[in-house]
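Each chain gets a letter, A, B and so on, in the order its sequence line appears, and its residues count up from 1.
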There are 2 protein chains.
Amino acid sequence: MRATIREVAREAGVSASTVSRALSTPDMVNATTRERVLRAAERLGYAPNRAARGLITGRTGNLGLIVPDLTNPFFPSVVKGVQAKAREADYAVFLADTDEDPAAEVGLVRALAKQVDGLILCSPRTREEEIRELTAHTTLVMVNRRFGTIPSVVFDNADGMRQAIAHLQALGHRRVAWVGGPRTSWSTRDRVRGLRAASSAAGMELFVAGHFPPYFEGGVAAADLIIASGVTSVIAYNDVMALGLLSRLRDRGVDVPQDISVIGIDDIQMSAMSSPALTTVSLAKDQAGRAAVDLLLTLLLQPDSVRNTRRELPTQLLVRGSTGVARTT
Amino acid sequence: MRATIREVAREAGVSASTVSRALSTPDMVNATTRERVLRAAERLGYAPNRAARGLITGRTGNLGLIVPDLTNPFFPSVVKGVQAKAREADYAVFLADTDEDPAAEVGLVRALAKQVDGLILCSPRTREEEIRELTAHTTLVMVNRRFGTIPSVVFDNADGMRQAIAHLQALGHRRVAWVGGPRTSWSTRDRVRGLRAASSAAGMELFVAGHFPPYFEGGVAAADLIIASGVTSVIAYNDVMALGLLSRLRDRGVDVPQDISVIGIDDIQMSAMSSPALTTVSLAKDQAGRAAVDLLLTLLLQPDSVRNTRRELPTQLLVRGSTGVARTT
DNA sequence: TCGAAGTCTGAAACCGATTGCAGTCTTGTG
DNA sequence: CACAAGACTGCAATCGGTTTCAGACTTCGA
């Protein structure tokens, strides 16, 4: 069906070796023959078989990307960034979704590892020992998590929390609650750490509501604890949960931002259209995706060059309608 | 690094052929040797190299999935369905996002075609001639579009529109507007066709507002036309646009559903949490993904079996807060 | 004019699997 | 006991490229 290198060779009146060279190492072949080969390849619509090439070179030209839940709007943005950057480098992307299941995550890494040159793990939930084990057989890059010497792309959560706290403080808030995400998530730990530092530096009281599923329902579930705690402001692990909070608070008759100010993290599309619009710590999601591919590709070229690299992306508080002056009890 | 078939062969004291057979056609080899081979393979952690296998068998074990915009919550759900079903059949999935660009779509199909056994085009925007050309070289299945004899999975839009119109009619509405999606989208044409039939059957007046980008902003942009048209109800091409409508209507001081009833299509997560919650025609998105894989895999086994197959999934109106009794002017 | 160095090109080995074919070893039957 | 049939297994070719190595042909300096 599709033309092979030998057919091109015959068409151009040269050997297969020459065709191969003309295409992959052009300066090793005479200009006129190269021209002839290229023309023949063009005529036959030739494109090298990647499987065959991969067999001998050991490289596949594919990347793998594993995310916990594509239904969370955070991830599609990252995926788009990865795609775009990968495409520029002529790599194709395998995508897998773990449904927030750490076991599935390990299984998928194992399954994909053989078919890709490298893997990007986005917000992985896998335990540290298992990650260590995986790195032995695979070149990995992580997004939204740091571990050992694995190259990673993370957001500057500490600074994001600082901005959020400064904003709340300026509005007169003295008590803030934290609604955490999955216990297995590195970023929930990193964020609460940053939040602890920022709130104590600002002399604000912090109420940690615990861990909740990173879904709309998780925010809904946390809302009543928040109300009962008596805080005037709350920061949620992500926007989806913050929207859940907003929804339940409204149902309970709690006005936002009159009674309670709400801040999310991620800046997903929908956060701008809720009512009130959600104040949120904006993350450059697609940039994270691009940076991860970048890291991975240089890692593939020079295995030791980016070992231990930790790219940190800035965060930016977006003030919208869900935060306001603290109520004076 | 990874074990090859020959190493397993040596370990088991047999030839490579036997190992191959023990793994892929177990009944062609003696039970005891098979056992010995499997044990050796186990010990060495052997897994066949898919590129090598693909080279000789001509099949890759990969599928490709192309979507217009992963940022639209409709598509992640389809993707999850595809993933899940593909994984069950031990296929890996290449994902590509075209950013709503038909040219990119064709390019991606061409690029992926060589590395997969089959492709799923989800809501493709490509012109018909080009699709025809693509089918010559690739086994395709389409979701959300019908064309020629290409196997496809679509939703029963006509029935969905009928349900929506019946609902509006029951609420006393006499005039309904349609806010269309991209001109290049088959489903926008199919839906408006169904809507025309349903509304004229019900004796309702239909105002077609035209084509808008399938984003939140598209709905925002359409809102003022809707208000000016004087209708009491509107159906949007998808939920994201309906949410945009909701947002702009509120800004303009038009109450939903008091002044205008709004219906979306898709039933994305967020449509349940808007205020008012969005009445919508619910689509089994993940089912569509699974069905597409199903179709593709049988198509690969028996190329002519499902030619011309058109799987049609039911639709279901979900009544929520954005529709109400028509205002009496 | 001859030899050395340099430039291109082709033959053949190889990557890691699958599979047609042939050979060996059982087993069953006359 | 001989022979045919059947059950296993191994050899070797093959998929479509890349790469090493050596040979052919130029070019240049002595």
Novice: Keeping to residues at least two apart or across chains, list the salt bridge (Lys or Arg N to Asp or Glu O under 4.0 Å) pairs with something in residues 70-85 of chain B.
Specialist: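 Sorted pair list: A:Asp69-B:Lys80, A:Asp97-B:Lys80, A:Asp99-B:Lys80, B:Lys85-B:Asp294.
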Novice: Give the rounded distance in Å between these two atoms: CZ of A:Arg10 and P of C:dA11.
Specialist: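 Atom CZ in A:Arg10 sits about 14 Å away from atom P in C:dA11.
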Novice: Say whether, by atom type as modelled, one donor and one acceptor occur between the side chain of A:Ser187 and the main chain of A:Asp190 under 3.5 angstrom.
Specialist: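 No, the answer is negative, given that no donor and acceptor are paired below the 3.5 Å cut-off.
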Novice: Can you check the A:Met28 CE to C:dG10 C1' distance for me, whole Å?
Specialist: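 Computing the A:Met28:CE to C:dG10:C1' distance gives 12 Å.
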Novice: Without swapping roles, check the side chain of A:Asp286 against the backbone of A:Val78 for a donor-acceptor pair under 3.5 Å.
Specialist: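 No; zero donor-acceptor contacts below 3.5 Å.
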Novice: Taking CZ from A:Arg50 and C1' from C:dC15, how many angstroms apart are they, rounded to a whole number?
Specialist: 18 Å
Novice: Might you list the N or O atoms of the protein lying below 3.5 Å from N or O atoms in nucleotides 22-26 of chain C, with each pair's distance?
Specialist:
none

Novice: So, A:Thr188 side chain and A:Ser185 main chain: donor-acceptor pair closer than 3.5 Å or not?
Specialist: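 Checked: no pair found.
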Novice: Quick one: salt bridge (Lys or Arg N to Asp or Glu O under 4.0 Å) partners of B:Arg310, sequence neighbours excluded?
Specialist: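 Applying salt bridge (Lys or Arg N to Asp or Glu O under 4.0 Å) to B:Arg310 gives none.
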Novice: Without swapping roles, check the side chain of A:Thr138 against the backbone of A:Thr135 for a donor-acceptor pair under 3.5 Å.
Specialist: no
Novice: With A:Arg125, which of A:Asp101, A:Thr184, A:Val106 fulfils side chain to side chain contact (heavy atoms under 4.5 Å, CB included)?
Specialist: A:Thr184
Novice: Using the ring pair (Phe, Tyr, Trp, His ring centres under 6.0 Å) criterion, which residues pair with B:Phe94? Sequence neighbours excluded.
Specialist: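 B:Phe94 satisfies ring pair (Phe, Tyr, Trp, His ring centres under 6.0 Å) with A:Phe94 only.
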Novice: Any sub-3.5 Å donor-acceptor pair from B:Thr57's side-chain atoms to B:Arg53's backbone N or O?
Specialist: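 Such a contact is found between B:Thr57 side chain and B:Arg53 backbone.
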Novice: Just to verify, which of A:Val82, A:Val79, A:Val143 counts as forming a side chain to side chain contact (heavy atoms under 4.5 Å, CB included) with A:Cys122?
Specialist: A:Val143
Novice: Measure the angle between the two terminal helix axes of the helix from C:dT1-D:dA30 to C:dG30-D:dC1, five base pairs each, and quote it to 10°.
Specialist: 60°
Novice: Starting at atom CD of B:Glu7, determine the distance to atom C1' of C:dC15, rounded to an integer number of angstrom.
Specialist: 13 Å
Novice: Just the table, please: protein N/O against nucleotides 15-19 of chain D N/O, every pair under 3.5 Å.
Specialist:
from	atom 1	to	atom 2	distance (Å)
D:dG16	N7	A:Arg6	NH2	3.4
D:dG16	N2	A:Ala52	O	3.2
D:dG17	OP1	A:Asn49	N	3.4
D:dG17	OP2	A:Ile5	N	2.5
D:dG17	O5'	A:Tyr46	OH	2.9
D:dG17	O5'	A:Asn49	N	3.3
D:dG17	N7	A:Arg6	NH2	2.7
D:dT18	OP1	A:Arg53	NE	2.8
D:dT18	OP1	A:Arg53	NH2	3.2
D:dT18	OP2	A:Ser20	OG	2.6

